[in-house]
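Pasting a structure here, questions to come.
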Amino acid sequence: MADIRNNPYLAHMHDSAQNEADSNANQAFAKLVPQKTTAAQQEAAENDDYNGLTGRQFSEKYKQILAKRRELPVNKQRQGFLDLIHNHQFVVLVGETGSGKTTQIPQYMLLDMLPQTEGKLIACTQPRRVAAMSVAQRVAEELDVKLGQEVGYSIRFEDCTSSKTMLKYCTDGMLLREAMSDNLLSRYSAIILDEAHERTLNTDILMSLMKNIATKRSDIKIVVMSATLDSEKFQKYFNDAPLLTVPGRTFPVEIYYTPEPERDYLDASIKTALQIHATEPEGDILVFLTGEEEIEEACRLLRARGDDLIRRAQCGPLLIVPLYSTLPPNMQQKIFEKAPEPRTKGGAPGRKIVVSTNIAETSLTIDGIVYVIDPGFAKQKVYNPRVRVESLLVSPISRAAAQQRAGRAGRTRPGKCFRLYTEKSFQNDLIEQTYPEILRSNLGTIVLQLKKLGIDDLVHLDLMDPCAPEVLMRALELLHYLGALDDDANLTQIGHIISEFPIDPQLAKMIITAADYGCTNEALSIAAMLSVPNVFVRPREAQRAADAAKGEFAHMDGDHMTLLNVYHAYKSCSEPAQWCWDNFLQLRSLKSADNIREQLRRVAVKFDIPLLSNDFNSPSYYPQIRKALTAGYFMQVAHLERNGQYLTVKDNQMVLLHPSSVLDRKPEWVVYNEFVLTKRHYIRTVTEVKPEWLLEIAPHYYHLESFPACEGKRILEKIALKNSILQDDQEKKRRKKDKKEKKDKKDKKEKKDKKDKSKKEKRRRDSD
DNA sequence: CTACTCTCC
């Protein structure tokens, strides 16, 4: 704190003040009464010369930002918001882009609740890491504090908070993790859920959790913020919570539809883009397509046809940029480059065309976009509980998504959106909202989390959109077989441990069991490698070289061991960047695998799982690892039938080894990491196992009566029979041995008893 | 003989 007495510029304050503490205190701030503040009182506290949170004098920059904050649409409704939150536990707030809700509402809450006076804090959740970080940074500036002190953020691998923190932005996944060890979120006096309209898995679960917590903690306040107008559903879900609507600040976007349906949307998008370039005024174009391959193809075509157009029609130059998440970061940066200058001074203006997946729908904002081309499709995850498979399907987007895409044209000035479908189709064929993720996912991990969150009654699980019972059953079944849930669907000891690992339950089970096989270190590495995007790069122009490079790491047992080889090689190379480039590996993925491995290792240590490795030169080095793998993946096994085709053992799906597999032979028994549903059914990331292991490691699963008939089943039955005969033999021998031992023991005991008796009697006699 | 839409712990 600056000492006023030594500061000549502030001497007048010292003179007039009663004492030093009072003189540089924020009087207005000191008058705030928790949960009784008014907008006027809050503004007075913000207008003071001193920061009520830190006691420091406000900076010039603070005052400049404050003026801007006052102009945000949400500020006009500060009093309205405070009135609602004073009288209700839940408030639903709808604010479109540009309303200022994400930065301002948490600050209003902070001044109103003063959580720090009770040693608590306020959390505001975001679906994405970057958002949590950048908003926290912004709000720290607005409050004139250092990021990580009074205002901080918390995301995976990075906790930027301190004991001083009173407002924390975090990913919703992070808050969920916290709730797993503190079911009532008792550290928090208020929770603000942002971007709730996106309905991510984590947001949906958090919403359910908040409803649950609210019944047990009358003191907690909850604000649910959404950008869409289907607020009624939110209000209803949160016990008829009151609604506050805040207008946004964007520019109008004109919508155009095609008169007739387009047969080939790729071709239509290219034509539309070039037509815009030829006829519309300056402004960049954003085209939404579905995936990497399609986007690269579109860029090629655009470049070729664009050159032609520029030559013939004297249009300006074009900058064509692809955008999707697996694009290397330096390539992603290109979307922020300016449109090219006219070829000659005063000539036709240049234009930038960004061809993107729906990463540009929410995650990335590109300034300067004036035209949006929306063919109306996206790759979306779907879950089929019957075959227990998640897959990607190109499917029509929802009206809400179409609206979101169109909005991308109006961020800097009025724009236009060209929808490559008819208006009738928009009204009749598109669904209102995208199905929330929870209805499109395998719920294994989720159910485990819910149990850990203390939400036990899954039958009456209160979700905004209840999931299909069959999907729940699948999840319970999986967790039961893994030993994470007991017969009454309660968390077991192992289940507790599995739930603490931030990976698929099968992988966690593998790590835990690996301790029995002396190979936890290797299991950690494999689990990490399986939890990151594909490490193998295969550029179209160098496919052979890439395949050859991958071949260098190939392990004859299969892909899991190959991944282990890659990880080991990565850890021992001296120039990771160059080495990855030379070997067609994705440095980003490997770095991330390393981070994740470290996180997993810490969880293992926390639960006293010993970190073991077998002797690398021992012949059992790899078999032990494969056994650990089997302990996690015994439900994902395929058998090579005599006709040369693989059948999954549990439900007789015909599958093919994925062509990316390093296995150039067809082992009879394999476990697989993933079932891929495209034109054909593939199993991807595959390793050879022995049928004996299946029965040995997962006897509870291999109750063969319930399995459909196939060769694999017959072989397993034979082995089981042999085992049982052996077992009977052993049992007999053991019983014999037991009998003998018992008899021996009995004899011994009788002898001893006799001795004791005589001793006792002797003592008694002695004492008498 | 082929894929990784997008996130998150």
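Letters go in sequence order (proteins before strands), and every chain restarts at 1. No experiment lies behind these values; they were computed from the predicted model shown. Computed from heavy atoms alone, side chains included, the values below leave out hydrogens, waters and symmetry copies.
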query: Between Q449(A) and T357(A), which is nearer to the 5' end of DNA chain B once each is assigned its nearest nucleotide?
result: T357(A)
- request: Report the residues that fulfil ring pair (Phe, Tyr, Trp, His ring centres under 6.0 Å) with H197(A), sequence neighbours left out, ordered by chain and then residue number.
  value: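 Listed in chain order: nothing, the list is empty.
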task: Kindly write out the residues that satisfy side chain to side chain donor-acceptor pair (under 3.5 Å) with Q506(A), not counting sequence neighbours, or none if the list is empty.
output: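 Not a single residue meets the side chain to side chain donor-acceptor pair (under 3.5 Å) criterion with Q506(A).
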Ring pair (Phe, Tyr, Trp, His ring centres under 6.0 Å) partners of H658(A), counting only residues at least two apart: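 In terms of ring pair (Phe, Tyr, Trp, His ring centres under 6.0 Å), with neighbours along the sequence ignored, H658(A) is linked to Y682(A).
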task: Name the nucleic acid region contacted by F501(A), choosing base, sugar-phosphate or nothing; use a 4.0 angstrom heavy-atom cut-off, strictly under.
output: nothing
task: Just jot down the ring pair (Phe, Tyr, Trp, His ring centres under 6.0 Å) partners of Y383(A), sequence neighbours excluded, or say none.
output: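 Partners of Y383(A) by the ring pair (Phe, Tyr, Trp, His ring centres under 6.0 Å) criterion come out as none, since no residue qualifies.
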field: Sugar-phosphate, base or nothing in reach of Y324(A), heavy atoms under 4.0 Å
entry: sugar-phosphate
- request: Would you mind classifying the nucleic acid contact of R156(A) as base, sugar-phosphate or nothing, using non-hydrogen atoms under 4.0 angstrom?
  value: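 The answer is base, as R156(A) lies within the cut-off (heavy atoms under 4.0 Å) of a base atom.
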task: Could you say whether M174(A) or S325(A) is positioned toward the 5' end of DNA chain B, judged by the nucleotide with the nearest heavy atom to each?
output: S325(A)
- request: List for me each residue that meets salt bridge (Lys or Arg N to Asp or Glu O under 4.0 Å) alongside R540(A), sequence neighbours excluded, and say none if there are none.
  value: none
task: Keeping to residues at least two apart or across chains, list the salt bridge (charged side-chain N to carboxylate O under 4.0 Å, His left out) pairs with something in residues 583-596 of chain A.
output: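 Those involving residues 583-596 of chain A are K571(A)-D594(A).
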message: List the residues meeting salt bridge (Lys or Arg N to Asp or Glu O under 4.0 Å) with E437(A), not counting sequence neighbours, and say none if there are none.
response: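 Partners of E437(A) by the salt bridge (Lys or Arg N to Asp or Glu O under 4.0 Å) criterion, ordered by chain and then number, come out as K381(A).
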task: List the atom of M174(A), the atom of S154(A), and the distance in Å for their closest heavy-atom pair.
output: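 What the structure gives for the nearest pair is CG-OG, 3.5 Å.
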query: Across the strands shown, which category fits T678(A) at heavy-atom distances under 4.0 angstrom: base, sugar-phosphate, nothing?
result: sugar-phosphate
- prompt: Under a 4.0 Å heavy-atom cut-off, which of residues 358-366 of chain A touch DNA chain B?
  reply: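 Heavy-atom cutoff 4.0 Å gives N358(A), I359(A), S363(A).
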task: Just call it for T171(A): base, sugar-phosphate, or nothing, with non-hydrogen atoms closer than 4.0 Å on any strand.
output: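 Since only primed, P, OP1 and OP2 atoms lie under 4.0 Å of T171(A), the category is sugar-phosphate.
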task: Check every strand shown and say whether I155(A) touches a base, only sugar-phosphate, or nothing at a heavy-atom separation below 4.0 Å.
output: sugar-phosphate
Those residues that, when tested against R680(A), pass salt bridge (Lys or Arg N to Asp or Glu O under 4.0 Å) (two or more places apart): none
- request: Assign P127(A) to base, sugar-phosphate, or nothing according to its heavy-atom contacts below 4.0 angstrom with the strands shown.
  value: sugar-phosphate
query: Which ones in residues 657-668 of chain A lie close to DNA chain B, meaning a heavy atom under 4.0 Å from one of its atoms?
result: H658(A), P659(A)
query: Going by a 90° cut-off around 0, is dC6(B) syn or anti?
result: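 Classified anti.
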message: Applying a 4.0 Å non-hydrogen cut-off, can you work out what R538(A) is touching in the nucleic acid: base, sugar-phosphate, or nothing?
response: base
Salt bridge (Lys or Arg N to Asp or Glu O under 4.0 Å) partners for E552(A), two or more places apart: none
task: Classify the nucleic acid contact of E292(A) as base, sugar-phosphate or nothing, counting any heavy atom under 4.0 Å across all strands shown.
output: sugar-phosphate
- prompt: Can you give the first and last nucleotides of DNA chain B, 5' to 3', that have an atom under 4.0 Å from a heavy atom of chain A?
  reply: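 Result: dC1(B) to dC9(B).
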- request: State whether R128(A) and E198(A) are salt-bridged, where the test is any N-O pair (Lys NZ or Arg NE/NH1/NH2 against Asp/Glu carboxylate O) under 4.0 Å.
  value: yes
field: Carboxylate-amine/guanidinium contact E688(A) R665(A), below 4.0 Å
entry: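 Salt bridge: yes.
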